[in-house]
Amino acid sequence: MSQALAPVLGEATIQELREAVRGEVLTAQDNGYEEARRVWNGAFEEVRPSLVVRCTGAADVIAAVGFARSNDLTIAVRGGGHSVAGFSTCADGIVIDLSPMNGVRVDPVALRASVGAGAVWADVDHETQTHGLATTGGLVSTTGVAGFTLGGGIGWTMREFGLACDNLAAADVVTADGRLVRASEGENPELLWGLRGGGGNFGIVTQFEFDLHPLGPMIYAGPVFFPAAASGDLLHAFRDWAGTAPDEITAVVNLTTAPPLPVIPEEWHGKKVVALVAASTGPVDEGDALVSALRGVAEPVADLLGPMPYHAIQTLLDPLWQKGIHSYFKATNLARLDDELIERLCAVHLAAPGPQCEIHVHQMGGAVGRVPEGATAFAERSMPFVLNAVTGWHDDSPDVAEAHTEWARTVVAAASEASTGRAYVNFLGDSDGDAARSAYGEETYTRLVALKSEYDPTNVFRLNQNIEPQGA
Ligand SMILES: Cc1cc2nc3c(=O)[nH]c(=O)nc-3n(C[C@H](O)[C@H](O)[C@H](O)COP(=O)(O)OP(=O)(O)OC[C@H]3O[C@@H](n4cnc5c(N)ncnc54)[C@H](O)[C@@H]3O)c2cc1C
């Protein structure tokens with residue numbers, strides 16, 4: 001028996017699990033464990049679970065949950081492994097890894113995709129684009145469908161098609177007591193309500209069903225980079241434009257540092273810039289007109305906004321955010337983007353401690369805003385913007401980590417007066433107990449607690465922005 005396993009599990013016990021599942025069960029002694037235990041965020045590089053179970057289907061998930069409960073093991077659930085807060089791994093516990101369950105089946109007539117819970121957005125886009133279809137996915141294509149959708153899902157097509165969770169028509173869920181239940185409008189509708197934004201609190205989803213929409217293969221999309229000196233002008237123009245822009249366009253302003261990409265003139269590499277990144281679900285030849293008010297704010301450093309394959313905008317940011325980077329995010333929903341906030345954001349941008357410190361201001365509204373408040377667990381719908389401070393670094397010294405984390409907190413603190421007080425749970429890099437309550441707001445949180453108490457009364461699924469069941 002290994003030292004690592006000694007305090008928790010014996011080999012005979014692990015053998016029971018190996019016999020109960022079809023997927024691999026990996027301990028520190030097995031080839032493949034080192035790779036299997038790693039998550040996207042390198043800040044959690046040292047975390048060593050006792051077991052990683054690579055599930056091949058719902059039966060494996062049921063067996064793994066039962067095994068974890070019998071042996072009193074902490075459960076971490078992993079879809080794409082992109083949790084910024086490190087929820088999809090745990091020291092000494094069990095990782096229920098769904099990544100082998102990444103099949104995607106498209107029904108082009110019914111405009112539906114059935115997606116395995118281990119799929120990433122690249123898997124979905126590959127299958128759906130073959131039929132000229134799409135659903136709202138992530139800005140980085142290696143992000144998992146599961147965690148992304150269950151938290152909400154902000155993406156390039158959201159103002160026309162809705163958030164990812166708004167396109168979630170049904171799901172199969174393994175509950176804490178090992179049942180496989182269906183959540184849809186007709187079956188367990190309250191559970192479906194909770195899966196649309198309430199995170200992984202209620203069980204382990206094994207299969208998702210999404211609504212699809214005609215799109216592509218070419219769309220109007222891409223980034224325009226301007227010198228950082230234009231940040232204020234761009235943010236002012238963006239604020240005035242965002243409220244009246246049609247649903248087909250979704251845009252983000254990103255205060256960042258020019259990456260060393262061949263498409264950006266070399267003299268700008270490593271310099272502070274501001275990027276407008278946009279995508280349109282409308283006709284390609286109407287795209288220019290949609291963004292003309294923004295494009296003219298300054299002489300661009302590089303202008304790549306134009307016709308491009310949908311696939312290209314979906315993967316554009318992938319090279320900058322690869323697995324193993326250390327990362328911290330902090331976010332808040334904005335009630336307004338006022339002059340004072342713009343001034344503060346421009347200043348804090350210039351004080352960023354590293355080249356992968358980004359301030360994202362997401363344009364919301366459109367289809368996202370028309371879903372009635374309370375219709376889904378992604379509760380707040382009226383905010384015009386979401387602010388997200390995104391950081392990444394490669395040096396694992398604590399000082400560097402602290403500088404990046406503190407900077408992200410400063411960005412969000414700068415917005416305290418303009419904030420609605422709520423936040424999008426998937427953009428929160430902290431895992432403290434109160435995060436969920438304040439992110440959801442009291443009314444939604446109370447309803448989530450009732451649902452949690454029904455489906456997971458002993459908080460088996462607690463590595464998430466946790467909703468504590470009653471009496472826990
Ligand atoms: C590089 C990067 C880019 C991002 N871009 C965006 C973006 O454009 N828009 C956006 O909205 N968000 C974005 N995010 C945030 C992202 O939505 C969350 O990190 C999300 O949790 C990732 O999902 P995952 O399946 O990869 O995560 P995982 O780490 O696998 O899972 C995260 C959590 O989700 C829950 N979970 C996962 N799978 C299941 C399941 N099958 N059943 C039940 N619960 C489950 C668990 O609680 C788990 O701990 C980004 C994150 C990163 C790191």
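Every number for a ligand or one of its atoms is a count from 1 in the order of the listing.
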Return yes when [X] approaches ligand 1 closer than 4.0 angstrom through a heavy atom, no otherwise.
{"X": "F461", "value": "no"}
{"X": "G203", "value": "yes"}
{"X": "G153", "value": "yes"}

Any nitrogen or oxygen of G80, side chain or backbone, less than 3.5 Å from one on ligand 1?
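Yes, there is a polar N/O contact under 3.5 Å.
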query = Is there any N or O on V205 that sits under 3.5 Å from an N or O of ligand 1?
reply = yes
Please work out whether any backbone atom (N, CA, C, O) or any side-chain heavy atom from C-beta onward of L150 is under 4.0 Å from ligand 1, and answer side chain, backbone, both or neither.
->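 It is the side chain that touches ligand 1; the backbone stays farther off.
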One residue to check: V39. Relative to ligand 1, which of side chain, backbone, both or neither has a non-hydrogen atom less than 4.0 Å away?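 Neither part.
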Pick, from [options], the option with the minimum heavy-atom distance to [atom].
{"atom": "atom 8 (O) of ligand 1", "options": "L428, N201, L139", "value": "L139"}
{"atom": "atom 39 (C) of ligand 1", "options": "D318, V77, V95", "value": "V77"}
{"atom": "atom 28 (P) of ligand 1", "options": "G147, C90, C55, G81", "value": "G81"}

Nearest to [atom], what protein heavy atom do you find, and at what distance?
{"atom": "atom 27 (O) of ligand 1", "value": "H82 N, 3.3 Å"}
{"atom": "atom 10 (C) of ligand 1", "value": "F148 CE1, 3.2 Å"}
{"atom": "atom 38 (N) of ligand 1", "value": "A146 CB, 3.2 Å"}
{"atom": "atom 14 (N) of ligand 1", "value": "F427 CE2, 4.1 Å"}

Distance under 4.0 Å to a non-hydrogen atom of R78: what atoms of ligand 1 satisfy this?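 Heavy-atom distances to R78 below 4.0 Å select 30 (O).
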pair L163-R381: side-chain heavy atoms closer than 4.5 Å = yes
